[in-house]
Amino acid sequence: MENDKSALRSRLLARRRALSPERRAAAARSLAEQALALLPAQGAVTVAAYVSVGAEPGTRALLEALRSRGVRVLLPVLLPDNDLDWAVYQGPEALLPAGRGLLEPGGPRLGPGAVCEAALVLLPGLAVDRRGLRLGRGGGSYDRVLARLAAAGSRARLVTLLYDDELLDAVPAEPHDRAVDAVVTPTGVHRTAR
């Protein structure tokens, strides 16, 4: 199973690296427009998101669009044990370099359980299948987030941001894998069979 996941991860990462900067930028703009449709029409909302790095589908435009709409955006802070703490996004100028090439918010830490306050949780991934099973990078950070949300009885919508060709018929899965509700790509919002 892990060999299948590793091979698929390698193929997907290579495909992402092959995308031109122009195509990545256009995809990021479209992704932000599509993802905003997931926000509730009224009321204050908290969204857990992340800062994209490298060839990941871009989130910077989305983070700014959410903030400009008064959304409280939580961003992850990677802990030494690969778990995630959270802090409020306060704009691109408040992002600080962190380990592994990541950027993280510089504000006060809210604790790993802060993600349970979110109505919408945006998850990075490399692929999602039609059942909603997500293939991540293999570090387990977001598996912990999903387990924490489930244990808290969270009703947050779980959404993965991908390029269009990363919504697959099937991805290798293990019993502990938790499905997401939807995938947002530059061309639309795709509900899963979860």
Taking all heavy atoms of Leu78 and all of Ser141, pick out the closest pair and write down the distance. CD1-OG, 3.7 Å

Distance from Asp177 atom CG to Lys5 atom NZ, nearest 0.5 Å? 4.5 Å

Following the transitive rule for hydrophobic clusters with a side-chain heavy-atom cut-off under 4.5 Å over Ile, Leu, Val, Met, Phe, Trp and Tyr, establish whether Val171 and Leu162 coincide in one cluster. no

Do side-chain atoms of Arg9 reach the backbone of Gly136 as a donor and acceptor pair under 3.5 angstrom? yes

Inter-residue atom distance Leu66.CG - Leu120.CG, 0.5 Å rounding: 8.0 Å

Tell me, do Asp164 and Pro186 make a side-chain contact under 4.5 Å, heavy atoms counted? yes

Please determine whether side chain to side chain contact (heavy atoms under 4.5 Å, CB included) holds for the pair Gln34 and Thr187, giving the CA-CA distance in whole Å, both sets of side-chain angles, and the decisive distance to 0.1 Å. CA-CA 7 Å; Gln34 298 294 339; Thr187 59; 5.7 Å; no

Between Asp81 and Arg144, is there a side-chain N and carboxylate O pair less than 4.0 Å apart? yes

Between Asn82 and Gly139, which heavy-atom pair has the shortest distance, and what is it? ND2-O, 3.7 Å

Exercise: identify the closest heavy-atom pair between Leu79 and Pro112: CD1-CG, 4.3 Å

Is there a side-chain contact between Leu38 and Val184, using heavy atoms and a 4.5 Å cut-off? yes

Can you tell me if Arg23 has over 12 outside heavy atoms packed within less than 6.0 Å of its CZ? no

Kindly say whether Glu56 contributes a backbone atom to a donor-acceptor pair with the side chain of Arg24 at under 3.5 angstrom? no

Contact between Pro105 and Val88 at the side-chain level, heavy atoms closer than 4.5 Å - yes or no? no

Using the rule that Ile, Leu, Val, Met, Phe, Trp and Tyr join whenever any side-chain heavy atoms are under 4.5 Å apart, tell me whether Leu62 and Leu39 fall into a single cluster. yes

Same apolar cluster (I L V M F W Y, side chains within < 4.5 Å links), Leu96/Leu74: no

Flag the pair Leu126 / Leu13 as yes when at least one side-chain heavy-atom distance between them is below 4.5 Å, and no otherwise. yes

Can a donor-acceptor pair be found, under 3.5 Å and without considering hydrogens, that links the side chain of Arg69 to the backbone of Ala65? yes

Pro57 and Leu31: which non-hydrogen atoms are nearest, and at how many Å? CB-CD2, 3.7 Å

Value rounded to 0.5 Å, distance of CG in Leu12 from CZ in Arg17: 10.5 Å

Answer whether the closest heavy-atom distance between the side chains of Asp129 and Thr192 falls below 4.5 Å. no

Between Glu166 and Arg15, does any NZ, NE, NH1 or NH2 come within less than 4.0 Å of an OD or OE carboxylate oxygen? no

Can you name the closest pair of heavy atoms from Ala55 and Tyr163 and give their distance? O-OH, 2.8 Å

Given the rule that I, L, V, M, F, W and Y join up when any side-chain heavy atoms are under 4.5 Å apart, are Val183 and Leu168 in one cluster? no

Answer yes or no: is there a side-chain heavy-atom contact under 4.5 Å between Leu8 and Asp4? no

Is a side-chain N or O of Arg134 found less than 3.5 angstrom from the main chain of Gly132, in a donor-acceptor match? no

For the pair Leu146 and Leu158, evaluate side chain to side chain contact (heavy atoms under 4.5 Å, CB included) and give the outcome as yes or no after the intermediate values. CA-CA 9 Å; Leu146 293 171; Leu158 306 175; 3.7 Å; yes

Hphob cluster co-occupancy, Val51 + Val77, side-chain heavy atoms under 4.5 angstrom: no

Under 3.5 Å, is there a donor-acceptor pair between the side chain of Ser154 and the main chain of Cys116? no

Hey, could you give me the CG/CG distance between Leu75 and Leu102, rounded to the nearest 0.5 Å? 11.5 Å

Exactly one candidate in Arg67, Glu64, Arg72 meets side-chain hydrogen bond (donor to acceptor under 3.5 Å, both in side chains) with Tyr89; the answer is Glu64

Minimal heavy-atom distance between Gly111 and Asp85, with the atoms involved, is N-OD1, 2.6 Å

Mind checking whether Leu161 and Tyr50 have side chains closer than 4.5 Å, heavy atoms only? yes

Can you find a heavy atom in the side chain of Asp143 that is under 4.5 Å from one in the side chain of Arg178? no

